[in-house]
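In this text, all values refer to a predicted model and were calculated from it rather than measured experimentally. Residue numbering restarts at 1 for every chain, and letters A, B, ... go by the order of the sequence lines.
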Amino acid sequence: MRIATWNVNSLRTRIDRVIAWLERTGTDVLAIQETKATDAKFPVEPFTQAGYQVARHGISQWNGVAIVSRVGLAEVEIGLPRCPPFGDPPVIEARAIGARCGDVTVWSLYVPNGREIDHPHYSYKLEWLAALRDMGAARLAADSTALIALCGDFNVAPQDDDVWDMAAFEGRTHVTQPERDAFQAVVDAGFADLVRPYAPGPGVYTFWDYQQLRFPKKEGMRIDFLLGSAALQAATVGAHIDREERKGKGASDHAPVVIDVDRPAPIVAVPPGAAIVEPTGSTGHGEGDVQLW
DNA sequence: ATGCCATCAAGGTGATGA
């Protein structure tokens, strides 16, 4: 089965491109970030028409994550346990959603940007990554053989080769040691980078800024990742970054990142009335309510 | 060619992104 992650930078703006990409590439499960759509405004119908079920989480025009699947979609979870809030008033933002697709548990994750090193968003980013690490560690403690994919825009470049010019990032976020340590802590919890072995650098990126001809000049950043549990790593047989999708009018500034997994992926017909899969149980993250743990 | 900032809600601009 084929699993991908993609920061689409507005799903409604790019819905035709996303559907065409899914159909062209035969992707079974797509983790989407930056939908920039509330649940009510999420474009469900195009995915249903293409044979995908939808789980989405959006509470404002910012952030927003989703998982679409044509191989089953169940056990939907909204948000991370003990997720830190941000802002005034504090809000637990729409940055995480998980679901079981076939026998793989897939998470779509949009890690906070951090903005500037001295900005509150930066410490929020580090706390958010710690909450992600804790969730991943807990899941593997409960079942060390679980097939788990942590997919998304991590907003961290873990290695110097993951940006086109380290000098350009002096004093900036995404490359600082605390951010890299927080990313590595997720890896150390038992989640390996499934893509890098198949797409080694240098010069291999997943994001290119719209400004300053960054894409044609090949000046990008590797900040989108598919991290997998040991069992998923063992089942992964290929991976790539689809930089072709960054080309042309109306492209997202991020490229899709793809893994191929040697697991059965029977296409599941969308059950009548089950185009949208709502979360099972309560995680306390519904409809913008704020809970401080 | 890959091409010179884009998205949202709200409003005619500011916040956000990286």
Side-chain angles (χ1 to χ4, degrees), chain A residues 5-18 21 32-43 56-66 85-91 93-95 109-126 128-129 152-176 178-180 182-183 203-225 240-257 288:
Chain A
T5 187
W6 192 3
N7 179 323
V8 298
N9 183 17
S10 173
L11 184 57
R12 282 171 290 167
T13 293
R14 256 168 277 292
I15 183 63
D16 291 348
R17 257 185 107 124
V18 171
W21 185 86
I32 306 171
Q33 300 87 40
E34 277 209 270
T35 61
K36 294 186 176 179
T38 59
D39 287 356
K41 290 188 174 182
F42 192 100
R56 76 272 188 265
H57 176 42
I59 58 176
S60 72
Q61 72 268 45
W62 309 120
N63 315 306
V65 286
F86 183 77
D88 184 21
V91 171
E93 298 177 316
R95 295 180 177 274
L109 306 163
Y110 181 41
V111 177
N113 169 291
R115 300 184 187 168
E116 306 294 337
I117 290 171
D118 59 358
H119 193 283
H121 213 259
Y122 179 79
S123 50
Y124 167 52
K125 177 180 193 173
L126 298 179
W128 201 97
L129 281 164
D153 177 356
F154 283 74
N155 270 319
V156 177
Q159 302 181 12
D160 288 357
D161 279 349
D162 295 336
V163 298
W164 80 92
D165 178 11
M166 274 298 289
F169 287 84
E170 180 69 35
R172 311 278 307 277
T173 61
H174 292 64
V175 298
T176 67
E179 289 167 282
R180 288 177 170 179
F183 179 88
V204 175
Y205 309 121
T206 65
F207 164 88
W208 300 261
D209 199 297
Y210 288 123
Q211 303 181 63
Q212 299 182 257
L213 290 169
R214 292 297 185 208
F215 185 58
K217 287 157 71 175
K218 306 185 190 305
E219 296 178 344
M221 308 169 71
R222 188 199 291 249
I223 53 175
D224 301 271
F225 297 93
H240 67 279
I241 298 163
D242 189 357
R243 69 179 297 282
E244 290 297 307
E245 184 58 34
R246 178 61 179 80
K247 298 178 181 179
K249 184 177 174 60
S252 169
D253 42 6
H254 295 252
V257 184

Distances under 3.5 Å between nitrogen or oxygen atoms of protein and nucleotides 8-14 of chain B:
{"unit_1": "dC8(B)", "atom_1": "OP1", "unit_2": "Ser10(A)", "atom_2": "OG", "d": "2.8"}
{"unit_1": "dC8(B)", "atom_1": "OP1", "unit_2": "Thr13(A)", "atom_2": "OG1", "d": "2.9"}
{"unit_1": "dA9(B)", "atom_1": "OP1", "unit_2": "Arg12(A)", "atom_2": "NH2", "d": "3.3"}
{"unit_1": "dA9(B)", "atom_1": "OP1", "unit_2": "Lys41(A)", "atom_2": "NZ", "d": "3.2"}

Distance between the C1' atoms of dT13(B) and dA1(B), in whole angstroms?
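Comparing C1' positions in dT13(B) and dA1(B) gives a spacing of 36 Å.
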Would you please confirm or rule out a distance under 4.0 Å between OP1 or OP2 of [N] and any side-chain N or O of [X]?
X: Arg14(A); N: dT7(B); result: yes
X: Asn155(A); N: dA18(B); result: yes
X: Tyr110(A); N: dT16(B); result: no
X: His254(A); N: dG17(B); result: no
X: Arg115(A); N: dG17(B); result: yes
X: Asn9(A); N: dT7(B); result: no

Please enumerate all residues that pass side chain to side chain donor-acceptor pair (under 3.5 Å) together with Glu245(A), with sequence neighbours excluded.
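Expected list: Arg17(A), Arg24(A).
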If you look at every strand shown and take non-hydrogen atoms under 4.0 Å, does [X] touch a base, only sugar-phosphate, or nothing?
X: Gly114(A); value: nothing
X: Asp253(A); value: nothing
X: Arg172(A); value: nothing
X: Phe207(A); value: sugar-phosphate
X: Asn63(A); value: nothing
X: Glu34(A); value: sugar-phosphate

In chain order, what residues pass the ring-ring contact (aromatic ring centres under 6.0 Å, His included) check against Tyr110(A), with sequence neighbours excluded?
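Once residues adjacent in sequence are excluded, Tyr110(A) has no partner under the ring-ring contact (aromatic ring centres under 6.0 Å, His included) criterion.
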I'd like to check the ring-ring contact (aromatic ring centres under 6.0 Å, His included) partners of Tyr122(A); sequence neighbours left out, ordered by chain and number.
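ring-ring contact (aromatic ring centres under 6.0 Å, His included) check on Tyr122(A) returns nothing, list empty.
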Can the ring centres of His121(A) and Phe86(A) be said to be less than 6.0 Å apart?
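Here the rings of Phe86(A) and His121(A) have centres that are less than 6.0 Å from each other.
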The criterion is side-chain contact (heavy atoms from CB on, under 4.5 Å); which residues satisfy it with Asp118(A), sequence neighbours excluded?
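Only Glu116(A) meet the side-chain contact (heavy atoms from CB on, under 4.5 Å) criterion with Asp118(A).
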Go nucleotide by nucleotide along DNA chain B from the 5' end; which of Ile223(A) and Glu244(A) gets its closest nucleotide reached first?
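The residue mapped nearer the 5' terminus is Glu244(A).
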On DNA chain B, does the nearest nucleotide to Gln212(A) precede the nearest nucleotide to Arg243(A) from the 5' side, or the other way round? Give the residue.
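Final value for this comparison: Arg243(A).
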Only one of Val8(A), Ile223(A), Ile241(A) clears side-chain contact (heavy atoms from CB on, under 4.5 Å) with His254(A); which?
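Passing option: Ile223(A).
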Apply salt bridge (Lys or Arg N to Asp or Glu O under 4.0 Å) to Asp224(A) and list each qualifying residue two or more places apart in sequence or on a separate chain.
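Salt bridge (Lys or Arg N to Asp or Glu O under 4.0 Å) check on Asp224(A) returns nothing, list empty.
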